[in-house]
There are 2 protein chains.
Amino acid sequence: MDTIINKVDTKGRVSLPSDYRAIVKELSTEIVCYRSLTSPCIEGCAEELLEKIASDMETSLDFFSQTQDELTNLIFGDARRFSFDSTGRILLTEKLLKHAQITDTAVFVGKGRKFQIWNPENWEKEEARIRAEIFKNRPSLSNKGGM
Amino acid sequence: MDTIINKVDTKGRVSLPSDYRAIVKELSTEIVCYRSLTSPCIEGCAEELLEKIASDMETSLDFFSQTQDELTNLIFGDARRFSFDSTGRILLTEKLLKHAQITDTAVFVGKGRKFQIWNPENWEKEEARIRAEIFKNRPSLSNKGGM
DNA sequence: AAAAATCCCATGATATACCATAAGAGAAGG
DNA sequence: CCTTCTCTTATGGTATATCATGGGATTTTT
């Protein structure tokens, strides 16, 4: 999955890149999107994955179980199903677009079983940051011969 | 899922968001609402789920060290059925509206199998609080959840 | 009879489905 | 190796269906 740039029209519609669509389509005809907890971007995945993420988080919580309750609030309260039409587009909400500072252009970034949608400039910075981070840890990588 | 803002008219009527309605409608034409034990908000769910919800709550509130009976009594004693009309609206009671401090606007927050109804300002604060809380504990989450 | 609740209809707004064009990638053939 | 054709994908526009909401009418309750 590579990064793909698509336009957001005046109504907030975006084409989900066909590669991404194909993967989801095996499961269903809709995806789930929510505001990233850690970055100014939108995250998307198949609904099944969201439920898995939610349950994974629950089991990984060692502090008060009250937080579990709050987690479901945060995840299920923020997430929403988006079904894409015959042309493969979804209509993003104001809330999501605002959080990611997206106006007329969106960058899709694959992240394994999920993906992120970024404002182009923000993603450029983020990518640079990640590259720098990786470079900093280069020695530990080259030891294993991975790259 | 999702968070939706709807108006409460002069008669106290609120439209139950269509997504929520659709899910409940598979089962019946009415929902159950009660005052949240932990927050200034209304909680709602399908009647079939109430018993399950109650027991879930017991396990998640174990630090209150209350007996199961006391909690279930509390919820069941407070819960009431609300049937929605052909346009999908329910008429909330004074007791519920007062508890949630709702006057003319209500925020529906998805919570998986149930949902909450908040006063807009209160929810805004609560959401910010939860996000900060979760973010603080992010390191322990990112290991497993990947959000 | 008055008040409250339920039902029904009308309307504006919005999301969804649909069609049509344009741009790009890959395949086939010269 | 280049050209042409075809198929997929992205994007713009339009129509249709759905939903939220206001108002009124009818029914029920006390």
Enquirer: Taking all non-hydrogen atoms of both residues, which atom of A:Cys33 and which atom of A:Ile31 are closest, and how far apart?
Expert: SG-CD1, 3.7 Å

Enquirer: Please tabulate, one pair per line, all N/O donor-acceptor pairs under 3.5 Å involving side-chain atoms of residues 94-105 of chain A, not counting sequence neighbours.
Expert:
| from | atom 1 | to | atom 2 | distance (Å) |
| --- | --- | --- | --- | --- |
| A:Lys95 | NZ | A:Asp78 | OD1 | 3.2 |
| A:His99 | NE2 | A:Ser36 | O | 3.3 |
| A:His99 | NE2 | A:Ser39 | O | 3.1 |
| A:Gln101 | OE1 | A:Asn122 | ND2 | 2.7 |

Enquirer: Has A:Tyr34 got a side-chain atom pairing as donor or acceptor with A:Ile75's backbone, closer than 3.5 angstrom?
Expert: no

Enquirer: For B:Glu30, check side chain to side chain contact (heavy atoms under 4.5 Å, CB included) against everything at least two apart and list the hits.
Expert: B:Ser28, B:Glu47, B:Arg81, B:Ser83

Enquirer: Between B:Thr87 and B:Lys11, name the one whose nearest nucleotide on DNA chain C is closer to the 5' end.
Expert: B:Lys11

Enquirer: Classify the nucleic acid contact of A:Arg80 as base, sugar-phosphate or nothing, counting any heavy atom under 4.0 Å across all strands shown.
Expert: sugar-phosphate

Enquirer: Between the opening five pairs and the closing five pairs of the helix from C:dA1-D:dT30 to C:dG30-D:dC1, how far apart are the helix axes, to 10°?
Expert: 30°

Enquirer: Under the rule for side chain to side chain donor-acceptor pair (under 3.5 Å), what residues qualify as partners of B:Trp118, not counting sequence neighbours?
Expert: B:Gln116

Enquirer: Chain B on DNA chain D: first and last contacting nucleotide, 5' to 3', under 4.0 Å to a heavy atom?
Expert: D:dC19 to D:dG24

Enquirer: Apart from A:Leu91 itself, what residues make up its hydrophobic cluster when side-chain heavy atoms of I, L, V, M, F, W and Y under 4.5 Å apart count as a link, directly or indirectly?
Expert: none

Enquirer: Can you sort out the partners of A:Glu127 under salt bridge (Lys or Arg N to Asp or Glu O under 4.0 Å), two or more places apart, ordered by chain and number?
Expert: A:Arg131

Enquirer: Between A:Leu16 and B:Asp9, which has a closest nucleotide on DNA chain D that is more 5'?
Expert: A:Leu16

Enquirer: Check A:Leu50 against B:Met1 and note the closest heavy-atom contact, atom names and distance.
Expert: CD2-CE, 3.9 Å

Enquirer: Determine the contact category for B:Ser18: base if any of its heavy atoms lies under 4.0 Å from a base atom, sugar-phosphate if only primed atoms, P, OP1 or OP2 are that close, otherwise nothing.
Expert: sugar-phosphate

Enquirer: Quick one: side chain to side chain contact (heavy atoms under 4.5 Å, CB included) partners of B:Asp9, sequence neighbours excluded?
Expert: B:Lys11, B:Arg13, B:Arg89

Enquirer: Going 5' to 3' along DNA chain C, between which two nucleotides do contacts with chain B fall, using a heavy-atom cut-off of 4.0 Å?
Expert: C:dA5 to C:dC9

Enquirer: Mind checking what makes side chain to side chain donor-acceptor pair (under 3.5 Å) contact with A:Arg129, not counting sequence neighbours?
Expert: A:Glu126

